[in-house]
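Have a look at the structure below before the remarks.
Throughout, a chain's letter reflects where its sequence line sits, starting with A, and its residues are numbered from 1.
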There are 2 protein chains.
Amino acid sequence: MPETTPPQPTTQITAQHRELLDQVLDKWSLQVLDRLCESPSRFNELRRAIPVITQKSLTATLRRLERNGMVDRVVVNTRPLAVEYRISALGKTLQDLIDALLGWTTATMPEVERARERFDEHA
Amino acid sequence: MPETTPPQPTTQITAQHRELLDQVLDKWSLQVLDRLCESPSRFNELRRAIPVITQKSLTATLRRLERNGMVDRVVVNTRPLAVEYRISALGKTLQDLIDALLGWTTATMPEVERARERFDEHA
DNA sequence: CGGTATCCCTTCTGATACTG
DNA sequence: CAGTATCAGAAGGGATACCG
């Protein structure tokens, strides 16, 4: 019996998949999600927690994450105006993946370093 | 007994982690790794398999993946000159993660779409 | 075949200043 | 407090031409 269709679970990488990953695994999102997983935070709390981020980038990151349903933006009250950001249920599922990614980088970093040295010294 | 150190498995996100993820989960790497997981491929085979990629980007992607130990570059012979790219053992561990990422995007895409619609129509 | 080198243009990022 | 607006510099990616 010939196997015409091999049992690959080959998940097709469409532009949609790429776009979502880009919007959600970018430079700042990991840090922001990590913070929000520990506790809901205010805008300036996040700024202080991630000192190198600029206002602009933080705003952009939060809007993007909010738009994709990863965080909830809650306007707590007015005078002077307080906004709280919370991780959503969807965002928590993402956090599990991020943990897996970070676990992978931690585990493979030594071997990656060796590969880089081999590559660089040979070139 | 006070818990001075909470039991968070909070993996710290260092610049090193970010850099590695950036180099390995970028726009083209997922496609390239996916192809190489199915079978070793020559340079122009990859170009044909990923039609929208340019020579420049494919070269850069392959060099980066090779430098990080994710793929092996094998010069098969000379005249006219053949080069084969293969996924490495390290690259295979990455592929598992990529599959998890793609599975996540597939699973959550519907809810993400709904979140986007809510966000966009409300704005 | 399997690249490298160059130009160019768009995108991303950061710094700074201002607002409800 | 929680942003928006504007601008300049750096970086990324495509198109084209050429090389071992």
Legend entry - Stem segments of DNA chain C by first residue number [Watson-Crick or G-U, under 3.5 Å, at least 3]: C:1-20 with D:1-20
Inset, instruction - Return the set of residues passing salt bridge (Lys or Arg N to Asp or Glu O under 4.0 Å) with B/Asp26 (not counting sequence neighbours), or none when no residue passes. - result: B/Arg64
Inset, instruction - Select from A/Lys27 and A/Pro80 the residue whose nearest nucleotide in DNA chain C is closer to the 5' end of that strand. - result: A/Lys27
Legend entry - Shared hydrophobic cluster, B/Met109 / A/Leu21 (ILVMFWY, side-chain heavy atoms < 4.5 Å): yes
Inset, instruction - At the 4.0 Å heavy-atom cut-off to chain B, mark where contacts on DNA chain C begin and end, going 5' to 3'. - result: C/dC1 to C/dC7
Legend entry - Positions of residues 46-57 of chain A (non-hydrogen atom under 4.0 Å from DNA chain C), listed by number: A/Thr54, A/Gln55, A/Lys56, A/Ser57
Legend entry - Nearest-nucleotide comparison on DNA chain D, the residue closer to the 5′ end among A/Thr59 and A/Leu81: A/Leu81
Legend entry - Exam field: side chain B/Thr106 to backbone B/Leu102, donor-acceptor pair closer than 3.5 Å: yes
Inset, instruction - Give the cluster check for B/Val74 versus B/Phe43: same hydrophobic cluster or not, with ILVMFWY residues linked at side-chain heavy-atom distances below 4.5 Å. - result: no
Inset, instruction - With sequence neighbours left out, write down each residue that passes side chain to side chain donor-acceptor pair (under 3.5 Å) with B/Arg86, or none if nothing qualifies. - result: B/Glu84
Inset, instruction - Not counting sequence neighbours, which residues clear side chain to side chain contact (heavy atoms under 4.5 Å, CB included) with B/Ser88? List them please. - result: B/Asp72, B/Leu90
Inset, instruction - List in chain and number order the residues that pass side chain to side chain contact (heavy atoms under 4.5 Å, CB included) with B/Ala100, two or more places apart in sequence or in another chain; answer none if no residue qualifies. - result: A/Leu97
Inset, instruction - Specify the residues of residues 60-76 of chain B, ordered by number, for which at least one heavy atom lies under 4.0 angstrom from an atom of DNA chain C. - result: B/Arg63, B/Arg73
Legend entry - Residue pairs fulfilling salt bridge (Lys or Arg N to Asp or Glu O under 4.0 Å) with at least one residue in residues 13-25 of chain A, sequence neighbours excluded: A/Arg18-A/Asp22, A/Glu19-B/Arg116
Inset, instruction - Walking along DNA chain D from 5' to 3', note the first and the last nucleotide with an atom under 4.0 Å from a heavy atom of chain B, and give both. - result: D/dG13 to D/dG20
Inset, instruction - Could you tell me which residues satisfy side chain to side chain contact (heavy atoms under 4.5 Å, CB included) with B/Asn44, sequence neighbours excluded, listed by chain and number? - result: B/Arg47, B/Arg48
Inset, instruction - Find out if a path of hydrophobic residues (ILVMFWY) with successive side-chain heavy-atom gaps under 4.5 Å connects A/Leu58 to B/Phe119. - result: no
Inset, instruction - Report the distance from atom OG of A/Ser29 to atom CG of A/Leu94, rounding to the nearest 0.5 Å. - result: 8.5 Å
Inset, instruction - State yes or no: do B/Val75 and B/Leu62 share one hydrophobic cluster built from I, L, V, M, F, W and Y residues joined by side-chain heavy-atom distances below 4.5 Å, directly or via other members? - result: yes
Inset, instruction - Nearest 0.5 Å please: distance from the CD atom of B/Gln31 over to the CG atom of B/Leu46. - result: 11.0 Å
Legend entry - Least distance between heavy atoms, A/Arg63 atom then A/Tyr85 atom: NH1-OH, 3.4 Å
Which pairs would a plain distance check flag for residues 50-57 of chain A, meaning a side-chain donor or acceptor within less than 3.5 Å of a matching protein atom at least two apart in sequence or in another chain?
unit_1, atom_1, unit_2, atom_2, d
A/Thr54, OG1, A/Ser57, N, 3.2
A/Thr54, OG1, A/Ser57, OG, 3.1

